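Take a look at the structure below.
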Amino acid sequence: MANMYSDDEYYEDEYSGYGHTGDPTMDRMEFTVPDQVKKFLQYFQDMIKEGNVYEVNNLYENSFPKLTEQFFKTSPWPEAEDIAGLVADDPIFLNLYRELYFRHIYARVQGGPTVEQRFESYYNYCKLFNYILSADTPVNLELPNQWLWEIIDEFIYQFQAFSQFRSKLSKKTEEEIEILKRNPKVWNVHSVLNVLHSLVDKSNINKQLEVYNSQGNPDAVAGDFGRHSLYKMLGYFSLVGLLRLHSLLGDFYQAIKVLENIELNKKSLYSRVPGCQITTYYYVGFSYMMMRRYADAIRTFTNILLYVQRTKTMFQTKSYQNDQINKQTDQMFVLLAICLVLHPQRIDESLHTTLREKNYADKINKMQRGELAEFEASYTFSCPKFLSPVPPAYDAVNFDADAPHKEPLRLQLKVFMEEVQQQLMLPTIRSYLKLYTTMPLDKMAGFMEMPAEEFRNHLLAFKHKMKNVVWTKGTSGLEGEFQSGSEVDFYIDKNMIHIADTKVARRYGDFFIRQIHKFDELNRGLRKIQL
């Protein structure tokens with residue numbers, strides 16, 4: 001995940017050079033925790049103990065990044081052992097502190113985490129989740145939704161980072177490979193799935209969502225744990241985590257199936273965390289695209305991109321989550337462009353304007369001309385970093401050491417490019433069909449410079465590819481009806497193509513009314529300005 005708090009200012013400070021010498025005793029002698037950091041940690045611990053969620057959120061979202069910037073810009077925070085005395089060895093606080101400590105190493109420390117740190121971070125997550133899941137009664141812990149989402153988000157990110165790390169064998173020493181071989185259970189896909197499913201089960205979140213969707217009271221089915229905000233939100237965020245994990249593993253049907261109780265087409269009470277909203281829609285839209293449900297993918301991307309446009313100011317402050325959100329937004333515009341090339345349809349005017357900007361317009365033009373290299377480049381830029389659920393064969397002789405981590409992407413790219421190649425002729429056919437109302441099949445085949453029989457096959461492919469399953473109603477995103485998405489329809493009678501234009505005439509009235517409202521708003525704003 002991108003930088004944690006990537007401001008470019010550098011504070012020349014006596015502490016900013018803190019780093020590990022490798023010798024723990026030397027580290028402790030050389031480094032004393034700055035007073036400001038000591039006070040922060042003690043206050044942070046008090047607020048977590050008190051359950052003051054509002055203040056914890058402020059410390060987590062503002063104070064922690066500021067202190068990071070000031071004292072630990074590119075170096076680790078003090079180890080948990082070094083600050084344990086300050087917080088009376090409070091195991092829960094140290095657990096949460098380690099979560100932030102390792103997250104910072106992943107995001108900001110040059111060279112990233114060592115193999116040992118990757119393992120320690122995994123064990124720390126296990127400890128945290130065991131504490132939450134193995135309790136007989138709900139644990140006495142309240143954390144802000146933003147932090148809960150980022151715990152799940154980071155947990156999956158670190159699993160993803162580890163899967164790629166262990167697959168890149170060319171830069172590994174013998175010793176590192178030996179450590180990986182000896183610890184097959186660390187960051188194992190089953191343990192990650194197990195954590196997410198356990199949080200979903202413990203919170204009864206699926207039952208709660210079902211009742212919530214039918215206007216009932218979720219608390220009635222929540223159980224002791226599900227009524228507790230910590231469990232409820234971790235359960236909800238774990239559903240989104242499962243969506244992401246299944247997408248990374250290439251199981252797109254299962255990815256959308258885990259969300260079958262979340263109504264994506266309604267504003268949900270559970271979706272107050274922008275990062276979670278955007279992640280959800282990115283992976284749902286991508287899964288729809290890979291399942292060839294282009295109309296649903298376009299609807300999903302346009303919904304979330306309009307949301308991002310409306311709330312743009314929220315994502316302008318520099319933080320590692322916002323960097324991630326801005327990158328995902330860019331990826332979604334490219335995915336939307338791909339879907340519109342494969343399945344043209346009208347979208348919201350403001351998004352259409354953005355896609356006409358040079359950066360996207362070039363890509364769209366190249367793809368419309370059938371340039372396969374542009375499809376590949378756009379897909380590679382905007383797809384998630386696919387994973388293999390199994391470790392590479394460490395002992396394989398004469399293997400290409402870089403192949404294992406590239407293999408999952410190659411596989412998905414191959415599937416996508418096969419689909420694109422089947423559709424390469426469709427834009428040209430569409431442009432000819434729009435020009436006529438009737439046309440002999442042989443004559444149009446002549447325009448296309450191909451035998452009549454082959455052209456007939458392309459016309460059938462056009463019919464087939466333009467028919468998609470489209471969501472119409474119901475909670476599950478997998479439901480839907482077959483609909484034709486083409487703006488030109490035709491049928492072949494003997495040797496004659498009969499063409500009907502199904503394009504709906506543009507409603508200019510709506511556009512003008514929207515602009516008049518905007519103009520009125522501007523006028524009202526101008527009148528309020530006092531000179």
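For the single chain, residues carry numbers from 1 onward in sequence order. The figures that follow rest on heavy atoms only: side chains count, while hydrogens, waters and symmetry mates do not. Worth saying up front: this structure is predicted, and the values here are computed from it rather than measured.
Exactly one residue among Phe71, Trp77, Phe44, Phe72 makes a ring-ring contact (aromatic ring centres under 6.0 Å, His included) with Phe64. That residue is Trp77. When Trp149, Tyr231, Phe155 are each tested for a ring-ring contact (aromatic ring centres under 6.0 Å, His included) with Phe237, only one passes: Trp149.
For Asn57 (side chain) and Pro144 (main-chain N/O), no donor-acceptor pair under 3.5 Å exists by modelled atom type.
Here the side chains of Ile347 and Leu336 are in contact, with some heavy-atom distance below 4.5 Å. Tyr97 has its side chain out of reach of Val87: every pair of non-hydrogen atoms, C-beta onward, lies at least 4.5 Å apart. With a 4.5 Å cut-off on side-chain heavy atoms, Leu193 and His246 count as touching. The side-chain heavy atoms of Val240 and Ile152, taken from C-beta on, include no pair separated by under 4.5 Å. Between Met47 and Asn58, every side-chain heavy-atom pair lies at or beyond the 4.5 Å cut-off. You'll find the side chain of Thr302 stays beyond 4.5 Å of the side chain of Leu305, heavy atoms only. Side-chain contact between Tyr379 and Gln412 is present, with at least one heavy-atom pair separated by less than 4.5 Å.
Side-chain N/O atoms of Glu150 and Tyr60 include a donor and acceptor closer than 3.5 Å. A donor-acceptor contact closer than 3.5 angstrom is absent between the side chains of Gln158 and Arg103. Inspection of the Thr300 and Tyr282 side chains reveals no N or O donor paired with an N or O acceptor under 3.5 Å. Remark: the Ser121 side chain and the Glu99 side chain contain no N/O donor-acceptor pair separated by less than 3.5 Å.
Aromatic ring orientation, Phe129 versus Tyr125: parallel (interplanar angle below 30°, classes split at 30° and 60°).
Tyr360 and Phe333 have their aromatic ring centers within a separation under 6.0 angstrom.
A salt bridge does not link Glu69 to Lys66: none of the charged side-chain nitrogens sits closer than 4.0 Å to a carboxylate oxygen. Salt-bridge check for Lys327 with Asp330: failed, with every basic side-chain N at 4.0 Å or more from each acidic carboxylate O.
Rounding to the nearest 0.5 Å places OG1 of Thr329 at 10.0 Å from CD of Gln309. Here the OG atom belonging to Ser203 is positioned 10.0 Å from the CG atom belonging to Leu230, to the nearest 0.5 angstrom. Note that SG of Cys339 and CD1 of Ile298 are 5.5 Å apart. Values are rounded to the nearest 0.5 Å. Note: Leu249 CG to Phe386 CZ = 10.0 Å, rounded to the nearest 0.5 Å.
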request  = Under the salt bridge (charged side-chain N to carboxylate O under 4.0 Å, His left out) rule, what do Glu81 and Arg98 come out as? Steps first, then yes or no, please.
outcome  = CA-CA 10 Å; Glu81 289 67 26; Arg98 279 193 193 95; 3.4 Å; yes

### Query
Thr74 and Gln110: side-chain contact (heavy atoms from CB on, under 4.5 Å), yes or no, with the steps?
CA-CA 7 Å; Thr74 54; Gln110 208 174 355; 5.8 Å; no

- When you look at Lys49 and Asp46, which way does the salt bridge (charged side-chain N to carboxylate O under 4.0 Å, His left out) test go after all the steps? CA-CA 5 Å; Lys49 265 188 173 168; Asp46 290 344; 5.9 Å; no

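Evaluation of the side-chain hydrogen bond (donor to acceptor under 3.5 Å, both in side chains) test over residues 129-145, restricted to residues two or more places apart or in two chains, returns none.
Of all the heavy atoms in Arg166 and Ser388, the pair that sits closest is NH2-O, 3.9 Å.
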